[in-house]
Trainee: 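Sharing a structure below in structure tokens format, with a few things to ask.
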Amino acid sequence: MSEAATAKKIEDIGLDQGAAKLTPERIESTIMRVINLENSARLKAYVNTCVHCALCSDACHYFLSRDRDPKYAPVGKIKQTLWEMLNKKGRVSQDFLVRAATIAYTECNLCRRCVHYCPFGIDTAYLITIVRRICHLLGVTPQYIQDTSHSHSATMNQMWVKDDEWTDSLMWQEDEARDEIPNLRIPLEKEGSDIMYSVIGPEPKFRTQLIYQAAVIFNECGADWTMPATPGWDNSDMSMFSGDFEMMGRLKKSHYETARRLRVKKVVMGECGHAYRSVYDTGNRWLGWKDMPIPVIHAIQYFWELLKAKRIRVASQIKELVTFHDPCNTVRGMGLHEMGREVTKAFCPNYVEMHPNREHNYCCAAGGGVINCGPPHKMTRVLGNRVKAEQLKATGAKIVVAPCHNCHGGLEDIIHHYKLDMKLKFLGDIIYEHMEKPNAV
Amino acid sequence: MHTIYNLVTGPLVWVSFIIFFGGLVGKFVYLTNLAKNKDPFVFNYLSLKHALRSIFIWFVPFATMNMRNNPVMTVVTFAFHICLILVPIFALAHVIMWEEAWGISWWTLPETLAIIMSFVVVGGIVFFAIRRIVLPEVKYVTRPQDFAILALVAMPYLTGILAYYQIFDYQTMIILHILAGEAMLIAIPFTWLSHLLLYPMVRGYVGSEFGAVRHVKDW
């Protein structure tokens with residue numbers, strides 16, 4: 001029996017105590033409200049169309065990593081959650097809800113790989129999102145992601161970063177960078193700039209060097225850019241994943257409005273996948289925008305444009321064997337796979353693909369808010385992604401480039417657990433290190 | 001016997017066709033209206049080009065990754081569906097009945113071919129049923145009614161074969177054959193057999209979302 005097969009029920013105070021407070025009436029009325037009022041046409045069409053063929057199974061990294069346990073197949077997860085709620089017309093138990101929430105929040109990354117495998121194109125991620133929405137409204141959410149969502153609502157950023165800490169972090173990074181590039185500035189609140197650069201909460205909190213690196217890239221390619229000094233700087237959105245769509249709407253509104261206030265032409269965002277999903281796919285729709293109300297460009301695309309325009313020039317190249325991990329939200333989300341590769345290959349001539357790749361790539365198992373469910377659920381995703389470790393190992397690469405924060409979190413844990421001899425890099429890492437820096441001393 | 005025959009080839013045909021077409025049209029109108037009221041963005045994102053592209057690609061054998069990963073399933077599924085649809089429309093005996101009733105006629109399948117194709121349909125059903133029993137991930141999500149639906153689909157073809165070879169009483173078999181066909185038609189709008197209608201709807205929408213919004217293939 002593999003280590004994955006011996007998994008036990010995970011204690012999570014948010015799930016257990018949340019469910020304990022519920023009454024049967026509240027459970028039933030909430031479920032039926034979400035199913036009948038908030039969702040209907042797509043949900044009905046998907047449930048009516050599914051022929052229970054289980055052809056989606058092979059798409060899921062949890063299913064493949066858990067020795068093909070049917071409970072981890074996408075359709076198997078829908079059976080244990082939404083089908084049961086529909087069949088029982090919302091009359092489900094508290095224990096059922098804890099299990100359903102565990103599945104929806106920690107055993108599905110909403111990566112949409114199974115949409116590519118379903119002959120009908122049933123969007124299982126959408127169905128799991130409905131389960132999450134129900135759990136959110138019932139107050140049955142994993143404690144850690146709920147805390148993150150609380151942070152969003154209290155501070156408009158993901159990591160409880162206070163307003164002065166934010167600007168302080170930027171000025172600190174500016175200070176640091178001026179040792180290397182004396183003319184470098186991190187322009188704050190510069191109205192009318194071409195670009196507003198937005199990042200996710202964890203960047204000022206514990207990956208501050210990424211802001212340094214981005215500032216160097218902007219400076220050295222002569223970009224007209226700025227960062228906001230007010231809330232609205234954080235483009236991340238864990239509320240989207242916890243099922244708190246009202247908060248998701250507030251967050252996106254604040255992000256877009258900050259860009260509008262600064263009268264920038266576009267927003268360039270750091271290397272984050274889920275934040276991108278929330279600006280082009282979910283948050284904009286909640287606010288009634290068909291598309292993004294202001295162009296938001298993912299760093300992959302921005303770097304690619306700079307490279308094509310020769311505003312980034314390659315000074316040196318990495319000799320080690322490098323592979324590229326496609327984040328779900330930039331690939332199945334926005335088709336940026338070729339751009340990501342072109343940028344990587346410009347700096348890494350010794351390049352190898354992992355298989356499957358591009359829009360068929362395996363998820364990192366951290367996305368969709370799963371890593372944000374915190375330490376109690378860490379092994380669920382690590383053991384649930386053995387296939388990713390095998391996929392990485394088979395490349396023989398020493399460096400894996402992953403242009404997404406959550407992917408870094410997930411891959412780091414996998415690399416560590418499965419003892420892979422690999423280093424993880426952002427595109428920004430390799431560009432910063434290997435580009436021409438004309439202003440550097 | 002004649003009375004029963006007249007009943008199943010007369011009023012019951014009408015009933016089954018009205019329920020079949022009415023059910024599908026009703027379902028289409030119901031879901032479209034529901035989408036207009038509850039998921040109006042579905043229509044904003046619909047892109048004819050990408051919807052048709054997705055529907056077309058998934059009609060081509062081995063065009064998608066999952067079809068290539070499951071070659072046996074792909075061959076069986078395509079053969080099954082092609083035969084399932086063509087046999088009832090182009091079987092000689094069926095066309096003759098249309099001609100007698102309405103005076104309209106069209107191309108027909110050679111009888112031997114029609115029988116072979118019926119065997120393909122029944123064989124396909126057997127394959128699907130075994131798959132539901134043998135593969136744990138399929139077994140896990142299979143309910144008793146899934147087998148009932150498979151049986152319902154197999155019956156018209158099985159009885160057609162038995163009638164053709166005149167195994168058992170021919171007249172009884174023909175009546176059973178017609179009844180089974182009518183039962184299948186009636187069941188289509190009310191079971192997952194309605195994927196006949198929902199396939200293009202769901203596929204078209206997801207094709208639009210992937211093609212026009214996310215700029216990526218959905219196969």
Side-chain angles (χ1 to χ4, degrees), chain A residues 36-60 63 68-76 78-80 83 112 114-123 126 280-281 285 288 290-291 329-337 356 358-360, chain B residues 27 30-42 44-45 54-55 58 64-67 69-70 73-74 77 128 131-132 135-143 145-146 149 190-195 197-207 209-211 213-219:
Chain A
N36 290 328
L37 296 178
E38 290 193 12
N39 300 278
S40 49
R42 279 200 300 162
L43 170 61
K44 283 205 168 67
Y46 289 155
V47 172
N48 276 317
T49 309
C50 181
V51 300
H52 312 169
C53 68
L55 278 169
C56 52
S57 308
D58 282 323
C60 185
F63 173 77
R68 306 184 69 83
D69 181 342
K71 289 200 287 297
Y72 291 97
V75 65
I78 300 298
K79 175 193 159 150
Q80 295 169 80
W83 286 359
R112 292 205 182 101
C114 46
V115 183
H116 277 223
Y117 275 63
C118 173
F120 303 109
I122 293 172
D123 190 344
Y126 162 76
Y280 71 74
D281 189 341
R285 290 184 195 185
K290 181 182 176 186
D291 209 341
N329 288 313
T330 62
V331 178
R332 277 184 288 279
M334 197 46 93
L336 301 182
H337 37 276
R358 297 178 168 82
E359 65 272 27
H360 296 112
Chain B
K27 197 156 197 161
Y30 169 70
L31 282 174
T32 312
N33 278 332
L34 203 58
K36 271 186 194 153
N37 291 326
K38 301 285 183 189
D39 293 336
F41 67 83
V42 163
N44 291 323
Y45 288 114
S54 181
I55 292 167
W58 284 84
T64 74
M65 194 191 207
N66 209 14
M67 289 186 201
N69 288 347
N70 295 282
M73 181 69 178
T74 303
T77 308
F128 295 141
R131 203 176 158 271
R132 286 192 184 277
L135 288 184
E137 67 268 29
V138 198
K139 190 178 174 186
Y140 184 64
V141 291
T142 296
R143 308 155 304 172
Q145 57 262 47
D146 294 322
I149 294 170
F190 306 104
T191 60
W192 53 245
L193 293 175
S194 58
H195 69 256
L197 165 78
L198 292 170
Y199 167 78
M201 291 174 79
V202 172
R203 191 84 257 163
Y205 176 69
V206 86
E209 266 223 2
F210 271 77
V213 180
R214 305 192 178 122
H215 310 288
V216 69
K217 310 188 291 191
D218 63 321
W219 58 89

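Naming convention: chains lettered A, B, ... in sequence-line order (proteins, then strands); numbering from 1 in each chain. Being a predicted model, the structure only gives us computed values, none of them experimental.
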Trainee: Say you draw a straight line from OG1 of B/Thr77 to CG of A/Leu55; how long is it, rounded to the nearest 0.5 Å?
Mentor: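 Nearest 0.5 Å value for the OG1-CG distance: 7.0 Å.
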Trainee: With side chains defined as the heavy atoms from C-beta onward, is the minimum distance between B/Val216 and A/His337 less than 4.5 Å?
Mentor: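 In contact.
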Trainee: Parallel, tilted or perpendicular: which describes the rings of A/Phe120 and B/His195, with under 30° parallel and over 60° perpendicular?
Mentor: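 Tilted: the ring planes of A/Phe120 and B/His195 meet at 30° to 60°.
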Trainee: Name the region of B/Lys139, side chain, backbone, both or neither, that has any atom closer than 4.5 Å to a heavy atom of chain A.
Mentor: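 The answer is neither part of B/Lys139.
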Trainee: For A/Lys44 and B/Leu31, which heavy atoms make the closest approach, and how far apart are they?
Mentor: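 Shortest heavy-atom contact: CB-CD2, 4.0 Å.
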Trainee: Report which part of A/Lys290 has an atom under 4.5 Å of a heavy atom belonging to chain B: side chain, backbone, both, or neither.
Mentor: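 For A/Lys290, the contact with chain B is made by backbone and side chain together.
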Trainee: For B/Lys217, is there any backbone N or O sitting under 3.5 Å from a side-chain donor or acceptor partner on A/His116?
Mentor: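 Yes; judged by distance alone, with no hydrogens or angles, the pair exists.
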Trainee: Is B/Tyr30 close to chain A through its backbone or its side chain, or both, or neither, when contacts mean heavy atoms under 4.5 Å?
Mentor: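 Looking at B/Tyr30, just its side chain touches chain A.
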Trainee: Tell me, for B/Met73 versus chain A, whether the close heavy atoms (under 4.5 Å) come from the side chain, the backbone, both or neither.
Mentor: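 When you check distances to chain A, only side chain atoms of B/Met73 fall under 4.5 Å.
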Trainee: Roughly how far, to the nearest 0.5 Å, is the CD atom of B/Glu209 from the OH atom of A/Tyr126?
Mentor: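 Interatomic distance, A/Tyr126 OH to B/Glu209 CD, rounded to 0.5 Å: 10.5 Å.
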Trainee: Could you give the distance from CZ (B/Arg132) to NE2 (A/His52), rounded to the nearest 0.5 Å?
Mentor: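 These two atoms lie 7.5 Å from each other.
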Trainee: Looking at B/Val213, B/Asn66, B/Asp218, which has the largest count of heavy-atom pairs under 4.5 Å with chain A?
Mentor: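 Looking at each of B/Val213, B/Asn66, B/Asp218 in turn, B/Asn66 comes out on top.
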Trainee: Name the region of A/Leu37, side chain, backbone, both or neither, that has any atom closer than 4.5 Å to a heavy atom of chain B.
Mentor: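 For A/Leu37, heavy atoms of backbone and side chain both lie under 4.5 Å from chain B.
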Trainee: Mind listing the side-chain donor-acceptor pairs of residues 35-42 of chain B below 3.5 Å, one per line with the distance, residues two or more places apart or on another chain?
Mentor:
residue, atom, partner, partner atom, Å
B/Asn37, ND2, B/Asn33, O, 3.3
B/Asp39, OD2, A/Arg42, N, 3.2

